[in-house]
Amino acid sequence: MISIIVPVYNIEQYIEECVESVLAQDYQDYELILVDDGSIDTSGTICDRLQAKDRRIYVLHKVNGGLSSARNAGLDISNGEYVFFLDGDDRIPSDCLSNMLMAIEKSNSDLCVGDYIRFDTKDVDAHTNIDWNGIRLLEGRQIPDIYLNYGGYFVVAWNKLYRKKIFDNLCYNEGKVHEDEFLAHKIWKKCARICCIDNIVYHYRYTQNSIMNSKLTIKRLDSIEAYCDRIKSFRKDGHDLAAQNVEYLLWQDVRLKYFRVDSQENKKRMFELHKLIRKNWKYLMKNVKFTYKEKIAISIFCVNSTLYQRMWG
């Protein structure tokens, strides 16, 4: 059985479409867990009505704790051998579960990753153009190396079917934005084999409220902490090329985001993040992805962020 976990928070205009896409699946052995994370609109009421419609739907109402908290709560009560995360404003095609289950069982994998399309409120689709030529298997040291070309594709929680045992002693970081970034590499480390399929398994709704399209706040800089944690993990396991790729992403986050938040209001957090970046300075200097000019800029930032801002801000 597959446990489909859907966090729900103030998405009254989307949740029914999301649930209907699950009910339309050609694979029927699943439970659908709707986690109402303290919604203040009619989302919770809609979930209750949908639960009465199908015995496979279970609704959990909880105090608001954020996306990570909702996913963790769903995991805690799930009964399936497999887990699939679906955001409540997105949807899945009718053959999503059957294609992923067939691939993961045929290849004896711990995780299956599928392709997705992005759509906006006008239903204009954008394809990711990932082509695995059917099914591609990743094992051992190949797993983190795939991050070199398809990082974001592998980091997000959705578009994946997991064996539930992967989450033994693992959970999403509560209180963090970019929660996927903190857990992705820990999930990979617990996988002996990952299968990748080029079937479209997910429809991601791109809205003005999406995290990547929302107003920049101090919480958006959680990604810097997540990158530093992943660099440390990759370095420890000897995945130097993958670590260098994350280092490059780390610096782009710093360059594009760090000075756009109100540092006066968030002095302590900014200091903590600056300290994390300084700890990675020696690795950044050895990274062949950076030009000489970029390394000078990084060094100035690490020594004096105010001076960096005056020169490059």
Side-chain angles (χ1 to χ4, degrees), residues 2-3 5 7 35 65-78 80-87 100 104 107-114 137-196 202 211-212 219-250 253 272-273 276-277 279-280 283:
I2 298 175
S3 296
I5 298 173
V35 184
L67 182 56
S68 293
S69 174
R71 285 177 179 163
N72 289 337
L75 279 170
D76 287 343
I77 63 172
S78 61
E81 180 184 357
Y82 301 96
V83 172
F84 184 90
F85 293 109
L86 172 60
D87 288 351
M100 300 195 87
I104 202 170
S107 62
N108 193 28
S109 297
D110 297 306
L111 172 65
C112 178
V113 184
L137 298 180
L138 304 171
E139 298 178 298
R141 294 188 63 85
Q142 293 177 311
I143 293 175
D145 288 344
I146 200 67
Y147 190 84
L148 299 175
N149 296 315
Y150 304 106
Y153 177 80
F154 276 82
V155 166
V156 293
W158 40 266
N159 82 317
K160 297 172 179 65
L161 183 65
Y162 309 79
R163 288 192 188 271
K164 186 183 176 183
K165 65 180 183 180
I166 290 176
F167 290 97
D168 291 347
N169 301 315
L170 282 184
C171 64
Y172 284 94
N173 249 9
E174 298 189 17
K176 298 289 186 183
V177 177
H178 299 287
E179 67 290 328
D180 305 347
E181 300 274 2
F182 285 89
L183 195 62
H185 58 284
K186 297 175 184 177
I187 290 174
W188 304 340
K189 288 179 72 170
K190 295 189 73 172
C191 293
R193 179 181 294 165
I194 295 176
C195 65
C196 307
Y202 201 90
I211 287 178
M212 296 308 295
K219 294 301 296 177
R220 288 281 302 279
L221 295 185
D222 284 348
S223 57
I224 292 176
E225 182 182 347
Y227 285 144
C228 289
D229 187 53
R230 195 177 311 152
I231 290 167
K232 181 179 178 181
S233 176
F234 283 164
R235 290 287 182 194
K236 181 180 178 181
D237 295 337
H239 300 294
D240 292 342
L241 289 177
Q244 287 189 355
N245 194 72
V246 184
E247 288 163 1
Y248 186 78
L249 295 175
L250 165 66
D253 244 27
E272 292 171 350
L273 293 172
L276 276 174
I277 297 161
K279 286 179 67 174
N280 284 279
Y283 296 118

Q: For Leu276 and Cys228, work out which heavy atoms get closest and say how close.
A: CB-SG, 3.8 Å

Q: Specify the closest pair of heavy atoms between Leu161 and Tyr82, including all atoms of both residues, with the distance to one decimal.
A: CD1-CB, 3.7 Å

Q) Does the pair Asn72 and Glu179 meet the rule for a side chain to side chain contact (heavy atoms under 4.5 Å, CB included), with working shown? A) CA-CA 11 Å; Asn72 289 337; Glu179 67 290 328; over 6 Å; no

Q | Contact check, side chains of Glu225 and Phe182, non-hydrogen atoms, under 4.5 Å | A | yes

Q. Between CD1 of Ile2 and OG of Ser78, what distance do you get to the nearest 0.5 Å?
A. 12.5 Å

Q | side chain to side chain donor-acceptor pair (under 3.5 Å) involving His185 - partner list, sequence neighbours excluded | A | Asp229

Q. Can we say Asp168 and Arg163 salt-bridge, meaning some charged N sits less than 4.0 Å from an Asp/Glu carboxylate O?
A. no

Q. Quick one: CG on Leu138 to SG on Cys196, what's the gap to the nearest 0.5 Å?
A. 4.5 Å

Q) Is any side-chain heavy atom of Leu137 closer than 4.5 Å to a side-chain heavy atom of Ser109? A) yes

**Q.** Least distance between heavy atoms, Ile231 atom then Val246 atom
**A.** CG1-CG1, 3.7 Å

Q) Hey, what do you get for CD (Glu181) to CG (Asn173), rounding to the nearest 0.5 Å? A) 12.0 Å

Q. How close do Asn159 and Tyr202 get, heavy atom to heavy atom, and via which atoms?
A. N-CD1, 3.9 Å

Q) Side-chain contact, heavy-atom cut-off 4.5 Å: Lys189 with Ser233? A) yes

Q. CZ/Arg71 to CH2/Trp158 distance, rounded to the nearest 0.5 angstrom?
A. 10.0 Å

(Q) I want to check something: taking the side chain as every heavy atom from C-beta on, are Arg193 and Asn108 in contact at a cut-off of under 4.5 Å? (A) yes

Q: Please lay out, stage by stage, how Phe85 and Leu75 fare under the test side chain to side chain contact (heavy atoms under 4.5 Å, CB included).
A: CA-CA 10 Å; Phe85 293 109; Leu75 279 170; 4.0 Å; yes

Q | Distance, nearest 0.5 Å, that separates CG of Asn280 from OH of Tyr227 | A | 13.5 Å

Q | Heavy-atom pair with the smallest gap, counting every atom of Trp188 and Ile194 | A | CD1-CD1, 4.4 Å

**Q.** Rounded distance (nearest 0.5 Å) linking atom NZ of Lys176 with atom CG of Leu183
**A.** 13.5 Å

Q. Counting heavy atoms not belonging to Lys186, are there more than 12 under 6.0 Å from its NZ?
A. yes

Q) Looking only at heavy atoms, which two atoms of Phe84 and Met100 are closest? And how far apart? A) CE1-SD, 3.7 Å

Q. Should the pair Phe167 and Tyr172 be assigned to parallel (<30°), tilted (30 to 60°) or perpendicular (>60°) ring geometry?
A. tilted

